[in-house]
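Here the structure is a predicted model, which means the values were calculated and not measured. Note that these values count all heavy atoms, side chains included, but never hydrogens, waters or copies made by symmetry.
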Amino acid sequence: MPEKPGSYQYYDDKHTIIYVGKAKNLKKRVSSYFHTEVDRYKTKVLVSKIHDISYTVVNSEEDALLLENNLIKKYNPKYNVLLKDGKTYPSICITNELFPRIFKTRTINKKFGTYYGPYSHITTMYQLLEIIYKLYKPRSCRLNLTKEGIREGKFKACLKYHLKNCYGPCIDKQSYENYQENIAKAREILKGNTRELSTLIYNRMLEKAKKLEFEEAEELKQQYLMLDGFRAKSEVVSHTISNIDVFTITEDEHNRTAFINYIHVKNGAINQSFTFEYKRKLDETEQELLLNAIIEIRNRFGSTAKEIVVPFEIDWTLNDASFFVPQRGDKKHLLDLSEMNGKQYKFDRLKQSEKLNPEQKQTRLMKELQDKLKLEKMPYQIECFDNSNISGTNAVAACVVFKAMKPSRKDYRKYNIKTVVGPDDYASMQEVVRRRYSRMIEEQTPLPDLIITDGGKGQMSVVREVVEDELHLNIPIAGLAKDDRHRTNELLFGNPPQVVGIKTDTELFHVLTHLQDEVHRFAITFHRQKRNKSMLHSELDSIPGIGPKTKDLLLKRLKSVKRIKEADTETLTEIIGPSKAKIIKDFYTEKEQI
């Protein structure tokens, strides 16, 4: 093969194109697939299916990029990056009619008119249409207007004319020349040339004022103010930046997807921002993905910008444009803005897909935790323990269970501490863990994939002594530690325990915080119930022969233990009968004598 730039095509045994590539040196690039050991699995699969190769030599690197892009569009090869097109986004159309109409559409037919967009930010599109309608009032009717028909009076003015939302070209209230001039100005707004148009309107306003044509000057003034207000709302970057393209790439490794954001700056203001989604087929690098996207997107939007701002060096050259990686200043601000848009688009897509399929989010979070802790399998069932007592009294413990990162309340368990005397959290934790997993082993119920303790290294250590040393179970153990304000601030894992790097504003950290809050709530609630029950224990519970029903009858009628104690025999007999009345009176009589 020649050592020249060009595009190469791989065919399978049915002579179908399965891959299209580009190269600065065809011989070196193609031979690299066969003469060196390929590490990437999918590339090995591709090579195993190649039965024939063809290539096209071109004059420059840019021509190789353009040729590759055109061939991918034409043949849609199986192993090339798939562009998930944004055809559902609307565009603005200016028709090719004698008196053009301007409207939004999702159908592209270039024979019908000129299209601007597509617009991923729908609000921006409506703002553009609003400013055009207010400034130039183009017609919206579908009448087949002709100059002859207008002269002969074949058409009637519609309501829009009477509401002063149309200048009435159909009844010759607006000349053809004036209408075309307004459409030309509307095109400039859609191209982003608002500053130049604003200057033009301002100068014409001054001319009309000098000629004492104040009505026309006032109308131009209103146009100038509206246009200036619209410009003020747009993202003005710098008056020194005239015409550049900005590209960034945001990866989603789980879905093998890349999001390419494109920002176009014209006359110092952003007039287009769009994010494209690319689906990986092989293990393409970031540079390969971004380079493919740059050619595709510039071609789509017809960009002729001489400078392309990118986040990293690209070792390809274009004939009429150069790549630039800014380190500071306005262009760095633009690069950051583009990256922020790409990340937001990724976040929105993720939320949208997870809303349609909630299990996807749960799986993603389980996979993320598995990767963070380097677990052998995804932690589907997670169990967390916590103790609760006041100075060792009414000591209890709780176990909460999360399945697929969601609470499984039917599996929650409460424990009364039986073998530990006094406030010993470590011993209490060991007792509960021992009871929990001994019973699970005995009943052969599924063991958890991960145990999380509500505490740091000490709690992890005592749980490990029971789980691993006593019960000989191989269950990973992690710990959630809190800061001085009693807020979850870090996840611990390993032996010896190490802090696992998880950002506190991520969804995974929020789930872990929820887990810790849930076990704490469950333990506290149980402890409070037990404590309240013991506090409600009265002298009536100590009287032999007086059961709960008798106690309830007395309290219902006499309201308090004090009044029961002071009641005479007749009152008690009326409520609970003579035998039980005698028991109560004898009890309090003996107590007084003591």
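Contact detail for Ile244 and Leu334: the closest heavy-atom pair is CD1-CD1, 3.6 Å. When all heavy atoms of Pro311 and Phe247 are compared, the closest pair comes out as CD-O, 3.1 Å. Ile477 approaches Met460 most closely through the heavy-atom pair O-CE, 3.5 Å. Counting all heavy atoms, side chain and backbone alike, Pro448 lies closest to Met440 at CD-CE, 4.3 Å. What you find for Pro476 and Leu450 is that their closest heavy atoms are O-CD1, 3.5 Å. Taking every heavy atom of both residues into account, Lys331 and Phe324 meet most closely at CD-CE2, 3.9 Å.
No side-chain donor-acceptor contact under 3.5 Å links Lys582 to the backbone of Gly577. Of the possible donor and acceptor atoms, none in the side chain of Asn80 sits under 3.5 Å from a partner among the backbone N and O of Asn76. Ser48 contributes a side-chain N or O that, together with a main-chain N or O of Val45, makes up a donor-acceptor pair within less than 3.5 Å. The backbone N or O of Arg521 sits less than 3.5 Å from a side-chain atom of Thr525, completing a donor-acceptor pair. With hydrogens and angles disregarded, a donor-acceptor distance shorter than 3.5 Å links the side chain of Gln430 to the backbone of Val462. For Gln516 (side chain) and Leu480 (main-chain N/O), a donor-acceptor pair under 3.5 Å exists by modelled atom type.
Defined by atom type and a distance below 3.5 Å, a donor-acceptor pair is missing between the side-chain atoms of Tyr426 and Glu465. Defined by atom type and a distance below 3.5 Å, a donor-acceptor pair is missing between the side-chain atoms of Thr589 and Asp586. Using modelled atom types and a 3.5 Å distance limit, the side chains of Glu431 and Tyr415 yield no donor-acceptor pair. Inspection of the Thr250 and Lys346 side chains reveals no N or O donor paired with an N or O acceptor under 3.5 Å.
The neighbour count for Asp469 CG, taken as heavy atoms of other residues, nucleotides or ligands under 6.0 Å away, is above 12. Residue Glu443 qualifies as enclosed at atom CD: its count of foreign heavy atoms under 6.0 Å is above 12.
With respect to the salt-bridge test (charged N to carboxylate O, under 4.0 angstrom), the residues Arg413 and Glu383 do not qualify. By the 4.0 Å N-to-carboxylate-O rule, Glu368 lies too far from Lys372 to be salt-bridged with it. For the pair Glu566 and Arg563, the salt-bridge criterion is not met [side-chain N within less than 4.0 Å of a carboxylate O].
When side chains are defined from C-beta on, Lys374 does not count as touching Phe493, because their heavy atoms never get closer than 4.5 Å. Counting heavy atoms from C-beta outward, Leu491 and Leu369 have side chains that approach closer than 4.5 Å. Proximity of Lys134 to Glu130: side-chain heavy atoms (C-beta onward) are separated by under 4.5 Å at one or more points. Using a 4.5 Å heavy-atom threshold, the side chains of Met340 and Asn261 count as separate. With contacts defined as side-chain heavy-atom distances shorter than 4.5 Å, the pair Ile294/Phe323 qualifies. Within the 4.5 Å cutoff, the side chain of Ile382 has heavy atoms near those of the Met405 side chain. Side chains of Arg436 and Phe385 form a contact here, defined as non-hydrogen atoms less than 4.5 Å apart. Inter-residue side-chain proximity for Ser438 and Glu470 is flagged as unmet; no heavy-atom pair is nearer than 4.5 Å.
Among Gln370, Gln381, Lys377, the single residue meeting the side chain to side chain donor-acceptor pair (under 3.5 Å) criterion with Asp449 is Lys377. Of the options Leu492, Val519, Leu512, a side-chain contact (heavy atoms from CB on, under 4.5 Å) to Ile452 is made by Leu512 and by none of the others.
To the nearest 0.5 angstrom, Thr453 atom OG1 is 9.5 Å from Asp386 atom CG. For the atom pair CZ of Phe402 and CG of Leu515, the computed distance is 5.0 Å after rounding to the nearest 0.5 Å. With rounding to the nearest 0.5 angstrom, the OG1 atom of Thr248 is 9.5 Å from the CG atom of Asp336. The distance from atom SG of Cys384 to atom CZ of Phe522, rounded to the nearest 0.5 Å, is 12.5 Å. With values rounded to the nearest 0.5 angstrom, Lys565 atom NZ is found 13.0 Å from Ile584 atom CD1. The structure places CG of Asp330 at 12.5 Å from CG of Leu335, a figure rounded to the nearest 0.5 Å.
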Evaluate the side-chain contact (heavy atoms from CB on, under 4.5 Å) criterion for residues Lys343 and Glu339: first the C-alpha distance (whole Å), next the side-chain angles of each, then the deciding distance (0.1 Å), finally the verdict.
CA-CA 6 Å; Lys343 287 181 177 178; Glu339 185 176 357; 3.4 Å; yes
Checking Asn341 against Ser338 for the side-chain hydrogen bond (donor to acceptor under 3.5 Å, both in side chains) test, could you report, in this order, the C-alpha distance in whole Å, the side-chain angles of both residues, the deciding distance, and whether it holds?
CA-CA 5 Å; Asn341 275 275; Ser338 175; over 6 Å; no
Does Ile451 form a side-chain contact (heavy atoms from CB on, under 4.5 Å) with Tyr437? I'd like the steps, not just the answer.
CA-CA 11 Å; Ile451 297 171; Tyr437 296 121; 3.5 Å; yes
Is there a side-chain contact (heavy atoms from CB on, under 4.5 Å) between Glu296 and Asn292? Walk through the geometry before answering.
CA-CA 6 Å; Glu296 161 72 24; Asn292 286 337; over 6 Å; no
Apply the test side-chain contact (heavy atoms from CB on, under 4.5 Å) to residues Met378 and Thr363: give CA-CA distance (whole Å), side-chain angles for both, the deciding distance (0.1 Å), then the verdict.
CA-CA 8 Å; Met378 282 199 296; Thr363 304; 4.1 Å; yes
